[in-house]
Structures are given as structure tokens and as C-alpha cells.
> 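Before I ask anything, let me first share the structure, which is written out below as C-alpha cells.
Predicted model, so just to flag it, every value in this text is computed and none were measured. Counting begins at 1 with the first residue of the sequence.
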Amino acid sequence: DSRDSELRVYPNPTKGDCTVRYVMIHSGESTVEVFDAIGKCVYTDRHNHEKAGLHSIALNLKSNFLENGIYTIRIRHDGISENVRLILAE
């Protein structure tokens, strides 16, 4: 797919609280996953029956006991997977 990614995470870098924004073209299910630097999934959140359009999800990575470092946030929806890197720092 040649279109620009609709996935945004801000602020980046973050001290813990961040917002994940993405656009769903069709109604359906989406999954948010956070992976650490070695590829281990450290957070998963599934959203069923979402309507098409813009979605925002608030994450507090410090509340999930994550340490400072580089993480990958993956959104799966509409049969596609989008990734963005996030820096968690004090």
C-alpha cells in the first residue's frame, strides 16, 4: 500500500503518557500492541466493533512498569499493520 501511514504517537519522546491516533477505513476490530527493544510484546489492547474514522487511545506506559527505552507501537486494523517507534524517557 503506497499511502502515507495514518498512525501517529505523541508526544514522542514521552515521559509515560502518550496518545496513539489512527484512522480506520472500515468498521471492525483494531489491536494496539507495544513491543520492547528485543521484540517482546509488553502491552496489548483489542478494540472490537470500532466505526470507520479517526481513533485516539491514551496510553500510560509507566503504569505498565515499562523502563526507559525505545518501543515499537503496532496497530493492526483493516487487514493492515502499521508501526511507529516511541522513545520512553525521564
> Hey, are the side chains of Val20 and Ile75 touching, using non-hydrogen atoms and a 4.5 Å cut-off?
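Val20 reaches Ile75 side chain to side chain.
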> With sequence neighbours excluded, what pairs up with Tyr22 under the ring-ring contact (aromatic ring centres under 6.0 Å, His included) test?
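For Tyr22 the ring-ring contact (aromatic ring centres under 6.0 Å, His included) partners, ignoring immediate neighbours, are His55, His77.
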> Considering only residues two or more places apart or on different chains, which pairs with a residue in residues 30-51 satisfy ring-ring contact (aromatic ring centres under 6.0 Å, His included)?
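ring-ring contact (aromatic ring centres under 6.0 Å, His included) check on residues 30-51 returns no pairs.
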> Drop me the distance from Arg8's CZ to Cys18's SG, to the nearest 0.5 angstrom.
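Result: 14.5 Å between the selected atoms.
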> In Å, rounded to the nearest 0.5 Å, how long is the span from CD of Glu67 to CG of Leu88?
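Result: 9.5 Å between the selected atoms.
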> What residues join Ile87 in its hydrophobic cluster, counting side-chain heavy atom gaps under 4.5 Å, either direct or through other members?
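Other cluster members: Ile70.
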> Can you tell me how far apart CD1 (Ile73) and CG (Leu86) are? Round to the nearest 0.5 Å.
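If I round to the nearest 0.5 Å, the distance is 4.5 Å.
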> Hey, is the main chain of Arg76 close enough, under 3.5 Å, to the side chain of Glu82 for a donor-acceptor pair?
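Side chain of Glu82 to backbone of Arg76: no pair is present.
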> Side chains of Thr44 and Glu33: do they bring a donor and an acceptor to under 3.5 Å?
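Per modelled atom types, Thr44 and Glu33 side chains form no pair under 3.5 Å.
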> State which residues pass side-chain contact (heavy atoms from CB on, under 4.5 Å) with Ser63; sequence neighbours excluded, sorted by chain then number.
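Testing Ser63 for side-chain contact (heavy atoms from CB on, under 4.5 Å), a comparison that skips the adjacent residues, returns Asn60.
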> Return the CZ to OG1 distance between Arg74 and Thr31, rounded to the nearest 0.5 Å.
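Nearest 0.5 Å value for the CZ-OG1 distance: 10.5 Å.
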> Who passes side chain to side chain donor-acceptor pair (under 3.5 Å) against Lys62, sequence neighbours left out?
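In terms of side chain to side chain donor-acceptor pair (under 3.5 Å), with neighbours along the sequence ignored, Lys62 is linked to Asn68, Glu90.
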> Any salt bridge (Lys or Arg N to Asp or Glu O under 4.0 Å) pairs touching residues 37-47, not counting sequence neighbours?
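Matches after skipping sequence neighbours: Glu29-Arg46.
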> NZ/Lys51 to OG/Ser27 distance, rounded to the nearest 0.5 angstrom?
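Going from NZ on Lys51 over to OG on Ser27, the span is 8.0 Å.
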> Could I get the full list of side chain to side chain donor-acceptor pair (under 3.5 Å) partners for Asn12, not counting sequence neighbours?
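If we apply the side chain to side chain donor-acceptor pair (under 3.5 Å) test to Asn12, skipping adjacent residues, there are no hits.
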> Got a sec, which residues hit side chain to side chain donor-acceptor pair (under 3.5 Å) with Asp36, two or more places apart in sequence or on another chain?
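Testing Asp36 for side chain to side chain donor-acceptor pair (under 3.5 Å), a comparison that skips the adjacent residues, returns none.
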> Measuring from atom CG of Leu59 to atom OG1 of Thr19, what distance do you get when rounded to the nearest 0.5 angstrom?
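So the gap between those two atoms works out to 8.0 Å.
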> Is there any salt bridge (Lys or Arg N to Asp or Glu O under 4.0 Å) pair reaching into residues 12-27, and which pairs are they, with sequence neighbours excluded?
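Residue pairs with at least one partner in residues 12-27: there are none.
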